[in-house]
Number of protein chains: 2
Amino acid sequence: MNRTERLNAILDLLAGSGQVEVDDIVHRLGVSPATARRDLDSLANERLLTRTRGGAVQGSVAYDLPGRYNRDDNGGQKQQIALAASALVHKGAVIGLCGGTTSTALAQVLSTRADLMEHSVRPTLTVVTNAINIAAQLVVRPNFKIMVTGGIVNPRSYELVGPYTDIILQKVALDFAFIGVNGIDPEVGPTVDDEGEATVNSLMARRASEAYMLADSSKIGKRAFATMEGYHFHKLITDSGITADELAAFQRNKIDVIVAPGA
Amino acid sequence: MNRTERLNAILDLLAGSGQVEVDDIVHRLGVSPATARRDLDSLANERLLTRTRGGAVQGSVAYDLPGRYNRDDNGGQKQQIALAASALVHKGAVIGLCGGTTSTALAQVLSTRADLMEHSVRPTLTVVTNAINIAAQLVVRPNFKIMVTGGIVNPRSYELVGPYTDIILQKVALDFAFIGVNGIDPEVGPTVDDEGEATVNSLMARRASEAYMLADSSKIGKRAFATMEGYHFHKLITDSGITADELAAFQRNKIDVIVAPGA
DNA sequence: CAGAAAGCGATCATTAGTAATCATTTGAGT
DNA sequence: ACTCAAATGATTACTAATGATCGCTTTCTG
């Protein structure tokens with residue numbers, strides 16, 4: 001049994017009962033615990049499951065609290081970026097969130113912000129997103145209004161893309177858009193790995209009064225596959241890992257950089 | 001029982017009665033009071049509940065979600081109905097799935113069907129759904145193509161409804177539609193609890209060559225709030241709990257009934 | 001109002017799971 | 001057959017989760 005077969009077998013186990021343990025994999029597939037963990041970690045990286053201590057659970061649905069994802073990520077860079085972005089969002093705002101880990105972290109921060117918790121007639125926050133994991137995470141908050149764009153699911157990123165996505169995005173107006181990117185270069189601008197996502201991202205940015213790119217400092221200087229044409233980003237939120245040179249380069253290109261304080 | 005399961009179990013207890021005590025957790029889940037308190041504190045941090053002395057009460061969160069993969073219902077009626085519905089679906093089909101527990105069970109069955117597992121260039125199954133829990137569940141199958149309709153999320157059912165949903169549904173053509181209903185009466189026809197879902201359901205049915213209602217036998221004779229105008233259903237899939245009288249009544253109204261064999 | 005009882009937070013030892021490293025094996029491509 | 005890279009399993013040190021204990025605070029009750 002090779003690695004690919006095994007990964008599929010793990011997904012099967014998971015589909016059966018909604019969860020799987022390291023020991024299950026060890027016994028049923030006959031590999032060592034080390035390999036079982038590595039497999040689970042790979043699948044978690046692909047966002048095909050969520051790691052828990054001792055195993056994994058299906059998907060990233062809201063109530064399957066990923067024990068670690070929420071908790072000890074608190075000092076991480078993505079978390080810092082998310083906190084900085086959250087600080088911009090006032091009560092009652094209408095925001096757009098695309099997919100990606102940083103946006104997911106932002107959704108997590110927003111979903112636990114105390115001042116957005118109160119019950120009221122109007123939603124305390126309206127979120128438009130093309131990421132079904134973000135929608136699933138936020139939907140347990142009855143005081144948030146969640147709109148999903150529709151489209152074809154990209155299984156690697158949980159994002160919805162395609163022409164149907166665009167149709168719906170053209171019908172909304174956002175106060176803020178937060179766009180996670182896979183690479184951000186002072187010259188080339190923001191890039192992502194998937195051309196479909198690039199289209200959705202730039203369209204979402206255009207529908208917003210203020211559009212922010214989210215990128216941790218490791219993405220700076222990187223170039224991914226697809227550029228986002230049709231929109232010039234002016235604002236970037238990143239972490240304190242950015243160098244002075246990079247900061248200067250962005251300023252030369254008229255991009256405001258918000259640096260989230262370090263941990 | 002690991003931590004993740006336990007947190008879910010606590011939310012279940014809370015959803016049942018609106019409150020939960022430390023002692024409940026200690027006895028029913030078999031952990032120490034210290035752990036029970038730590039669990040409650042974690043959930044309170046996530047704003048999923050509100051701590052009280054001795055336990056916790058519901059926060060501003062809706063957790064009675066149909067996405068809960070019916071762990072204890074596996075041999076149940078819904079499962080039988082799902083198997084019967086699955087038998088109708090051939091490889092390569094384009095199907096529509098609305099939300100609800102029965103549809104979720106069908107998604108579960110489809111996602112583990114061996115003949116739909118093979119890798120190929122074309123998707124072995126294309127699923128159009130307005131339920132984000134179903135999309136999240138099926139997206140781990142790379143050989144399925146998943147399309148989400150878009151719209152406003154109904155936090156009680158995980159379903160997307162509203163005008164944006166309709167726009168996208170008008171652009172697809174389905175081989176089969178499977179519509180879960182909350183009530184089915186031989187005279188009144190199918191009904192659901194939410195008028196938005198009724199609209200989406202009937203539209204999805206109209207877009208399909210063959211539309212099936214899914215309803216376990218307890219729903220027969222019941223009437224929910226919203227009717228589905230604009231489409232006359234001809235086919236119902238239910239379980240063996242249906243009575244001969246009910247069966248005859250449906251036949252008088254020209255509705256074919258597929259009875260899933262008992263467990 | 002006083003005392004009892006229940007709950008709580010803090011701390012610590014124990015257990016189980018994990019990350020990191022390294023040697024060995026496997027397997028694909030030449 | 002040979003080489004090299006990737007995958008695997010074993011070992012180690014580390015970290016998270018749990019349950020027990022203790023002293024303190026809150027709440028109940030007589």
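Below, read A as the first sequence line, B as the second, and so on, with proteins coming before strands; counting in each chain starts at 1. Because the structure is a prediction, the values reported are computed rather than measured.
Among all heavy-atom pairs drawn from A:Phe250 and A:Asp185, the shortest one is CE2-C, 4.3 Å. The two residues A:Ala36 and A:Val22 come nearest to each other via the heavy atoms CB-CG1, 4.0 Å.
Residue B:Thr35 places at least one side-chain N or O under 4.0 Å from the OP1 or OP2 atom of D:dG19. The side chain of A:Arg37 contributes no N or O atom lying less than 4.0 Å from OP1 or OP2 of C:dA20.
Nearest to the side chain of B:Arg53, among D:dA10, D:dT27, D:dG19, sits D:dT27. Nearest nucleotide to the A:Arg51 side chain, out of D:dA10, C:dT18, C:dG9: C:dT18. Distances were taken from every side-chain heavy atom of A:Arg38 (C-beta onward) to each of D:dG9, C:dC8, D:dG19; the shortest belongs to D:dG9.
Using a 30° and 60° split on the angle between ring planes, A:Tyr212 and A:Phe178 fall in the parallel class, below 30°.
At a threshold of 4.0 angstrom between heavy atoms, the contacts of B:Thr52 are confined to the sugar-phosphate backbone, with no base atom among them.
We find that CD1 of B:Ile25 is positioned 12 Å from P of C:dG7, with the value rounded to whole Å. Per the geometry, CE belonging to B:Met1 stands 15 Å off C1' belonging to D:dT18, to the nearest Å. Atom pair A:Leu29:CG and D:dG9:C1' shows a separation of 16 Å (rounding to whole Å applied). The CG-P distance, from A:Asp39 to D:dT8, rounds to 7 Å in whole Å.
Each of B:Glu21 and B:Ala34 has a nearest nucleotide on DNA chain C; the 5'-most of these lies closest to B:Glu21.
Looking only at atom types and distance, the side chain of A:Gln137 has a donor-acceptor partner in the side chain of A:Gln108 under 3.5 Å away.
If you check distances only, the side chain of A:Arg3 never reaches the base of C:dG27 with a donor-acceptor pair under 3.5 Å.
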